[in-house]
A.B. asks: 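I have a structure here, written as structure tokens, and I will follow up with some questions on it.
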Amino acid sequence: MHRVAFCLLLVVGISAGVCAAGPFVVLENTSSPDGRYAFAWAAPEKYKIDWAALNRGEMTPLPNSDDFADAVINYLVDVKDGKILATFRGAQAWRLPDGSHGNHRDLEVAWSPNGEFAVAIYSLKWQSESSQGFRITPAGVATVEIGKPLETAWRQHLSKTAGQRYKQRADSLAISFGELKARETNGSFAVHALAEIPKSASEDDAFEEKLVFTLEPKTEAQLSLEIRDMAKS
């Protein structure tokens with residue numbers, strides 16, 4: 001295992017929970033261990049979606065698919081109190097009661113054992129579009145964007161360890177993160193990182209690593225990302 005010789009620090013402010021401006025639908029496989037919190041999808045009021053019917057498990061017509069898909073918003077929500085706690089910026093995953101969902105719009109979520117920390121990764125067909133860390137506190141939710149710093153750290157690592165094979169392909173690689181897992185230590189997570197030239201069948205055109213990182217609270221209102229290890233999967 002290669003020990004990373006640097007630490008990336010990102011800090012953002014806290015976002016207090018507010019009452020939901022409109023209904024939302026909880027996305028499956030995104031709930032916290034106790035079921036209190038989850039990730040959900042919603043859309044602006046102009047689409048006049050029958051949210052009550054969707055939450056009863058009934059199908060209801062959606063607006064024009066292209067226009068609607070670009071307007072979907074993903075949130076971290078308090079299921080018990082019906083509140084939106086934080087926005088998952090850049091994510092637009094949605095799913096209907098019949099199982100239909102956005103094409104190549106995948107949302108993967110992992111929670112720490114105590115339900116205090118969560119990581120969410122939103123991916124399209126070939127690459128991850130948005131990755132964010134969350135910490136729920138009595139005052140609200142602290143968030144930190146982790147996708148770009150994870151990619152930057154990994155690319156720096158590949159530049160050192162894969163040399164010319166990586167450098168010759170660097171500009172053509174699609175970067176994705178998946179197989180997200182929470183570790184036993186609260187705030188610690190592991191993810192499988194993949195860089196590949198789309199549709200290539202050559203093993204030389206793909207790189208894989210396991211990244212281990214932690215979400216570190218600096219204060220109740222501030223959250224940071226710290227990369228711990230990188231190793232071959």
Side-chain angles (χ1 to χ4, degrees), residues 10-42 51 54-57 72-97 99 101-102 105-123 128-147 150 177-192 211-226 228:
L10 289 170
V11 178
V12 299
I14 198 164
S15 174
V18 296
C19 292
F24 50 76
V25 175
V26 171
L27 290 157
E28 64 180 6
N29 300 321
T30 68
S31 297
S32 60
D34 63 0
R36 173 72 183 267
Y37 307 103
F39 288 80
W41 71 272
W51 298 100
L54 287 178
N55 278 297
R56 290 194 302 267
V72 167
I73 306 170
N74 288 163
Y75 296 110
L76 171 63
V77 302
D78 183 326
V79 178
K80 179 181 177 181
D81 292 341
K83 291 182 178 180
I84 291 176
L85 301 179
T87 301
F88 180 14
R89 295 178 293 276
Q92 295 182 307
W94 57 273
R95 190 177 185 90
L96 299 179
H101 54 85
R105 294 185 175 214
D106 299 317
L107 180 63
E108 188 173 4
V109 175
W111 288 86
S112 62
N114 66 353
E116 179 182 355
F117 298 93
V119 171
I121 297 175
Y122 172 69
S123 301
S128 297
E129 286 292 301
S130 181
S131 302
Q132 199 165 321
F134 302 80
R135 182 192 179 212
I136 300 174
T137 75
V141 178
T143 68
V144 60
E145 197 280 323
I146 65 174
L150 283 179
F177 300 105
E179 300 177 25
L180 177 64
K181 295 180 180 180
R183 293 159 66 87
E184 292 184 2
T185 302
N186 287 314
S188 180
F189 297 85
V191 69
H192 174 257
L211 278 62
V212 177
F213 62 92
T214 59
L215 301 179
E216 295 282 353
K218 298 305 177 183
T219 67
E220 190 175 61
Q222 295 179 320
L223 187 64
S224 69
L225 168 71
E226 186 171 339
R228 297 294 188 181

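Just so you know, these numbers come straight off a predicted model, no measurement behind them.
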A.B. asks: S128 and S123: side-chain donor and acceptor closer than 3.5 Å?
C.D. replies: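 A pair is found: one side chain offers a donor N or O, the other an acceptor, under 3.5 Å apart.
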
A.B. asks: Closest heavy-atom contact between A142 and L223?
C.D. replies: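 Heavy atoms only, the tightest pair is O-CD2, 3.7 Å.
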
A.B. asks: Which residues pass the ring-ring contact (aromatic ring centres under 6.0 Å, His included) test with F39, sequence neighbours left out?
C.D. replies: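 ring-ring contact (aromatic ring centres under 6.0 Å, His included) check on F39 returns F134.
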
A.B. asks: I'd like a table of donor-acceptor pairs (distance under 3.5 Å, sequence neighbours excluded) in which one partner is a side-chain atom from residues 110-117, with atom names and distances.
C.D. replies:
residue : atom : partner : partner atom : Å
W111    : NE1  : T30     : O            : 2.9
W111    : NE1  : S31     : O            : 3.3
S112    : OG   : N114    : OD1          : 2.7
S112    : OG   : E116    : N            : 3.3
S112    : OG   : F117    : N            : 3.0
S112    : OG   : F117    : O            : 3.4
N114    : OD1  : E116    : N            : 3.0
N114    : ND2  : E116    : OE1          : 3.2
E116    : OE2  : R135    : NE           : 2.6
E116    : OE2  : R135    : NH2          : 3.1

A.B. asks: Using a 4.5 Å cut-off on heavy atoms from C-beta on, say whether the side chain of L76 contacts that of I136.
C.D. replies: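 They are in side-chain contact.
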
A.B. asks: Look only at the side chain of T214 and the backbone of E216, and say whether a donor-acceptor pair between them is shorter than 3.5 Å.
C.D. replies: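 Not a single qualifying donor-acceptor pair exists.
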
A.B. asks: Might you point out which heavy atoms bring D78 and D81 nearest each other, and give the distance in Å?
C.D. replies: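 For D78 versus D81, the nearest heavy atoms are OD1-N, 3.0 Å.
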
A.B. asks: So how far is it from Y75 OH to R89 CZ, rounded to the nearest 0.5 Å?
C.D. replies: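 Rounded to the nearest 0.5 Å, the OH-CZ separation comes out at 12.5 Å.
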
A.B. asks: How far apart are the closest heavy atoms of V72 and A93, and which atoms are they?
C.D. replies: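 Scanning both residues completely, I find the closest heavy atoms to be CG1-O, 3.7 Å.
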
A.B. asks: So, taking the atom named CD1 in I146 and the one named CZ in F213, what distance separates them when rounded to the nearest 0.5 Å?
C.D. replies: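 Between atom CD1 of I146 and atom CZ of F213 there are 4.0 Å.
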
A.B. asks: Charged N to carboxylate O under 4.0 angstrom, E179 versus K181?
C.D. replies: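 Answer for the salt bridge query: no.
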
A.B. asks: Using every non-hydrogen atom in the two residues, find where E145 and S131 come nearest and quote the distance to one decimal.
C.D. replies: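 Smallest heavy-atom distance, with atoms named: OE2-O, 3.6 Å.
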
A.B. asks: Quick check for you: to the nearest 0.5 Å, what is the distance between R95 atom CZ and L107 atom CG?
C.D. replies: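 Output value for this atom pair is 11.5 Å.
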
A.B. asks: Answer yes or no: is there a side-chain heavy-atom contact under 4.5 Å between V25 and W94?
C.D. replies: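 Heavy-atom side-chain distance check fails, nothing below 4.5 Å.
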
A.B. asks: Within a strict 4.5 Å, meaning less than it, do heavy atoms of the S188 and V212 side chains meet?
C.D. replies: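 Contact flag for S188/V212 side chains = yes.
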
A.B. asks: Nearest 0.5 angstrom please: L215 CG to N186 CG, how far?
C.D. replies: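 Spacing of CG (L215) from CG (N186) equals 11.0 Å.
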
A.B. asks: Quick check: do W41 and I73 have side-chain heavy atoms less than 4.5 Å from each other?
C.D. replies: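 They are not in side-chain contact.
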
A.B. asks: Using modelled atom types and a 3.5 Å cut-off, is there a donor and acceptor pairing between side-chain atoms of E129 and backbone atoms of Q92?
C.D. replies: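 No, because the side chain of E129 does not come within donor-acceptor range (under 3.5 Å) of the backbone of Q92.
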
A.B. asks: Which heavy atom of R36 sits nearest a heavy atom of D34, and at what distance?
C.D. replies: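 In this case the closest contact between R36 and D34 is N-OD1, 2.9 Å.
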
A.B. asks: Is the closest side-chain heavy-atom distance between N74 and L27 below 4.5 Å?
C.D. replies: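 Yes, at least one pair of side-chain atoms sits under 4.5 Å.
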
A.B. asks: Compare every heavy atom of G178 with every heavy atom of V191, then report the nearest pair and how far apart it is.
C.D. replies: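 The pair with the smallest heavy-atom distance is CG2-O, 3.2 Å.
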
